[in-house]
Amino acid sequence: MRVRFAPSPTGHLHIGNVRTALFNWLLARGHDGTLILRIEDTDAERSTVESETTILEDLKWLGLNWDEGPDSGGPVGPYRQSERLGKYQSRARVLVEQGRAYYCFCTPGQLEAERKDQLANGLPAKYSGRCARIDPEEAKRRVQSGEPAAIRFRTPENREIAFNDLVRGPISFHTDVIGDHVLLRADASPAYNFAVVVDDGLMGVTHVVRGEDHISNTPRQLLIYEALEFTPPQFGHVAMVLGPDHTRLSKRHGATSVDEFREKGYLPEALLNYLALLSWSPGEGQEIVPLAEMAKRFSLSDVGHSASIFDEEKLSWVNRHYLKDAPHDRLAELSAPYLRRAGYITDTLSPQGMAYLIALMPLINVSVDRLDQVSERLKQLFEYSAEAALKPSDIRAEVEADAARRVIDALAAELEHAPRLVDKQLFRGLAERVKQKSGQKGRALFHPIRIALTGAGDGPELDLLVPAMEQGAELDTSSGVRPMMGARERVRGFVEVLSQTIGE
RNA sequence: GUCCCCAUCGUCCAGAGGCCUAGGACGUGGCCCUUUCAAGGCCAAAACACGGGUUCGAAUCCCGUUGGGGACGCCA
């Protein structure tokens, strides 16, 4: 089995294309097959090398590896269409000589006008076939005299072209609705339908898995396979991925390209797992299934026929699962850029700084959907000011009440001679003593403590947060972690500000 | 306009003639847990587009209607 993924380097890697890349990957990996990566850059206007580079990087980031491609090479290269022009040109010429194709001298303007006319008159929009009737000898003379000409395929009349689609079953078209399409443009570059056939044929591709939008290209391509005397591959067309408004997923729906999802803090395995779930199910009611396992279960005949809508909420849910299971050192590594952006860490972390970061991960990995939320979740650690904490009137009112004051005074007193509360037990022990001293319990006990320590009414569990701030306070500046206040300093300042203003 | 594809909860999937009083997941609502938020646990509301056939029996098969999507380019 030989399959391929063939992006054109005209922009970022779109999420819909990732899904077809994934299906090809699953198919190849599940059948001991070969995955080919081919760059379809025949449109010189829109193709860029940067775009090719980022597409390759995105695929690597996703973990969708290929066996033959423009970077790694292979037996049937080159793997960039722009480097295969001779192959298309020679074959197109043969087709002209055989009478299966002909030169077309029509101008773009002419064609455009005809098309509009046909559409307006309720006719199928297809090429009129004007140049098909030009005498081949005359056409040859005109071409030799330098007149620009494209080469068009002579679509056979009155035939039924049928194929058995691997995902949707039998599909057929009548050739009457297929126009004579361009094989080679006037500038001698190949048009899509021709280049694909020449390449897939020459590269020995056995299974073509692509988007539903190519379904009507299939009969044209089948005709070319026939003319070129190649054995056609099997085709499988997977349905589209749409936005919530049922239109093609595009920028106005939000993120659509791989790099945007990476930037938002989605894990590659989560993205792929979610994408596989669109129009396919691993079975047994399972949804979170690792890629390797999916490859074992994947089958094109199980892929759904109808378009699916991209739902970022469900993606988030999948991502959370993978975040939960990810090793803390990897999570710390991945979180670092976000924390850096927030100014919480510097460019270089010392080993101690890194160890601290890793120790912070239990605070975020079960409660965050995406990595771009970590700095917000950790904000209370790095940002604290007693003045700011006491600013909101509701907080102020709560904390000025007698019961709350008793809690805070007890807390301050205990903290003064307590060791750093570097672990859960130490904090609990201290909370217990504050409880006895103040006579408060439950929320009445913990809420004032939380406010005094973080300045906020909610946030991560104090059990985890307090040890984290205490450990952080002991770090020296060479660690690369922004200096933060420990519990004692926070409460001391808090009490000071509180008593300063209370008598006024 | 012509051709092609598609049609189960708001969304993603399960269902390949009787197992369906249509199952799971996301989301939504409620309850529980709890030192708050989140996470987690439990419960609930929520769908076979419509109309004809075929059959003892249809979400499942056939036809039509409607709706959605795609293609019709010297883009891919």
Side-chain angles (χ1 to χ4, degrees), chain A residues 6-10 40-43 45-47 81 104 106-108 111-112 115 118-127 148-152 165 168 171-174 176-179 181-193 195-196 210-220 237 239-240 242 244 246-248 274 277-288 304-318 320 324 364-369 373 377 428 431 435 441-451 454 456-463:
Chain A
S8 62
T10 53
E40 311 223 316
D41 56 350
T42 55
D43 185 349
E45 287 284 299
R46 300 197 299 151
S47 300
Q81 291 186 327
C104 173
C106 297
T107 65
L111 296 169
E112 183 57 30
R115 211 170 0 254
Q118 287 166 332
L119 247 24
N121 289 314
L123 296 163
K126 57 177 222 180
Y127 178 61
I151 293 178
R152 275 185 195 275
D165 194 279
R168 22 190 102 220
I171 297 178
S172 68
F173 289 82
H174 196 92
D176 285 0
V177 298
I178 305 172
H181 52 279
V182 168
L183 263 23
L184 220 56
R185 301 178 191 121
D187 67 359
S189 67
Y192 168 76
N193 280 304
V196 182
R210 49 162 42 162
E212 191 184 16
D213 46 341
H214 286 296
I215 198 159
S216 55
N217 282 324
T218 310
R220 300 171 215 286
H237 291 95
M240 308 261 97
L242 307 178
H246 290 249
T247 65
R248 254 188 145 104
Y274 172 69
L277 258 25
L278 292 184
S279 78
W280 182 68
S281 158
E284 293 166 29
Q286 286 177 278
E287 305 215 83
I288 306 292
H305 302 182
S306 52
S308 34
I309 285 153
F310 186 83
D311 178 12
E312 194 167 345
E313 301 236 44
K314 184 139 186 179
L315 203 212
S316 281
W317 174 78
V318 173
R320 200 158 66 219
K324 222 173 281 181
I364 61 104
N365 79 138
V366 293
S367 57
V368 136
D369 287 338
Q373 297 164 343
R377 189 75 185 163
R428 284 187 176 161
K435 176 181 175 184
K441 59 179 183 179
R443 191 188 149 88
L445 172 68
F446 285 100
H447 209 246
I449 294 180
R450 168 177 291 281
I451 291 171
T454 70
D458 56 31
E461 284 180 24
L462 288 174
D463 273 6

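To find a chain, count down the sequence lines: A is the first, B the second, and so on, and within it residues start at 1.
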Considering Watson-Crick and G-U wobble pairs with both distances under 3.5 Å, what does B/G57 pair with? none
Does any non-hydrogen side-chain atom of A/Trp317 lie less than 4.5 Å from one of A/Tyr274? no
For B/G64, the nucleotide meeting Watson-Crick or G-U wobble distances (both under 3.5 Å) is B/C50
Under 4.0 Å protein heavy-atom contact, by nucleotide of nucleotides 29-51 of chain B - B base, S sugar-phosphate only: ------BBBBSS-----------
Any side-chain heavy atom of A/Leu462 within less than 4.5 Å of one from A/Ile449? yes
Watson-Crick or G-U wobble partner of B/G10, both distances under 3.5 Å: B/C26
C1' spacing across the pair B/G24 / B/C43, given as an integer number of angstrom: 16 Å
Tell me the interatomic distance from A/His237, atom NE2, to B/C3, atom P, rounded to whole angstroms. 20 Å
Could you check how far CD of A/Glu287 sits from P of B/G24, rounded to whole Å? 12 Å
If we take the C1' atom in both B/A59 and B/U2, what is their distance in whole Å? 32 Å
Heavy-atom donor-acceptor pair, A/Asp369 side chain to A/Arg320 backbone, under 3.5 Å: no
Using the C1' atom in both, what is the distance from B/C26 to B/A71, to the nearest Å? 33 Å
Using modelled atom types only, decide if a donor and an acceptor are shared between the side chain of A/Asp187 and the backbone of A/Ser189 within a distance under 3.5 Å. yes
Base, sugar-phosphate or nothing for A/Leu123? Non-hydrogen atoms, less than 4.0 Å. base
If pairing requires Watson-Crick or G-U wobble contacts with both distances under 3.5 Å, which nucleotide is the partner of B/A76? none
Look up atom OG in A/Ser316 and atom CG in A/Asp311, then write down how far apart they are to the nearest 0.5 Å. 8.5 Å
Crowding at NZ, A/Lys441 (>12 non-hydrogen neighbours, <6.0 Å): no
Please name the nucleotide paired to B/U35 by Watson-Crick or G-U wobble geometry with both distances under 3.5 Å, or report none. none
Classify A/Ser316 by what it touches in the nucleic acid, base, sugar-phosphate, or nothing, heavy-atom distance under 4.0 Å. nothing
In whole Å, I'd like the distance from the NE2 atom of A/His246 to the C1' atom of B/C12. 12 Å
Can you tell me how far P in B/G10 sits from the matching atom in B/A47, rounded to whole Å? 7 Å
Atom-to-atom span, CE of A/Met240 to P of B/C12 - whole angstrom: 15 Å
Under a 3.5 Å limit on both distances, the Watson-Crick or wobble mate of B/A45 is none
Now, which nucleotide makes the Watson-Crick or G-U wobble pair with B/A71, with each of the two distances under 3.5 Å? B/U2
Distance, rounded to the nearest Å, where A/Phe173 contributes CZ and B/U2 contributes P: 16 Å
List the residues meeting side chain to side chain donor-acceptor pair (under 3.5 Å) with A/Tyr192, not counting sequence neighbours, and say none if there are none. A/His214
Rounding to an integer number of Å, can you tell me how far A/His174 NE2 sits from B/C3 P? 12 Å
What I want to check is whether the side chains of A/Arg450 and A/Thr454 have a donor and an acceptor closer together than 3.5 Å. no
Summarise protein proximity over nucleotides 71-76 of chain B in one line of letters, 5' to 3': B for base, S for sugar-phosphate only, - for none, counting protein heavy atoms closer than 4.0 Å. SBSBBB
Distance in angstrom units between A/His305 NE2 and B/G70 P, rounded: 19 Å
Under 4.0 angstrom between A/Ser281 side-chain N/O and B/C12 OP1 or OP2: no
Measure the distance from CD on A/Glu313 to C1' on B/G10 and round it to the nearest whole Å. 11 Å
Distance between the C1' atoms of B/A22 and B/C4, in whole angstroms? 31 Å
Taking the side chain from A/Arg220 and the backbone from A/Ile178, do they hold a donor-acceptor pair closer than 3.5 Å? no
Inter-nucleotide C1' distance (B/U21, B/G67), Å rounded: 29 Å
Can you tell me if A/Lys126 has over 12 outside heavy atoms packed within less than 6.0 Å of its NZ? yes
Provide the distance between the two P atoms, one in B/C33 and one in B/C37, to the nearest whole Å. 13 Å
How far does the C1' atom of B/C42 sit from the matching atom of B/C6, given to the nearest Å? 38 Å
Ignoring hydrogens and angles, state whether a donor on the side chain of A/Arg152 or A/His181 is under 3.5 Å from an acceptor on the partner side chain. no
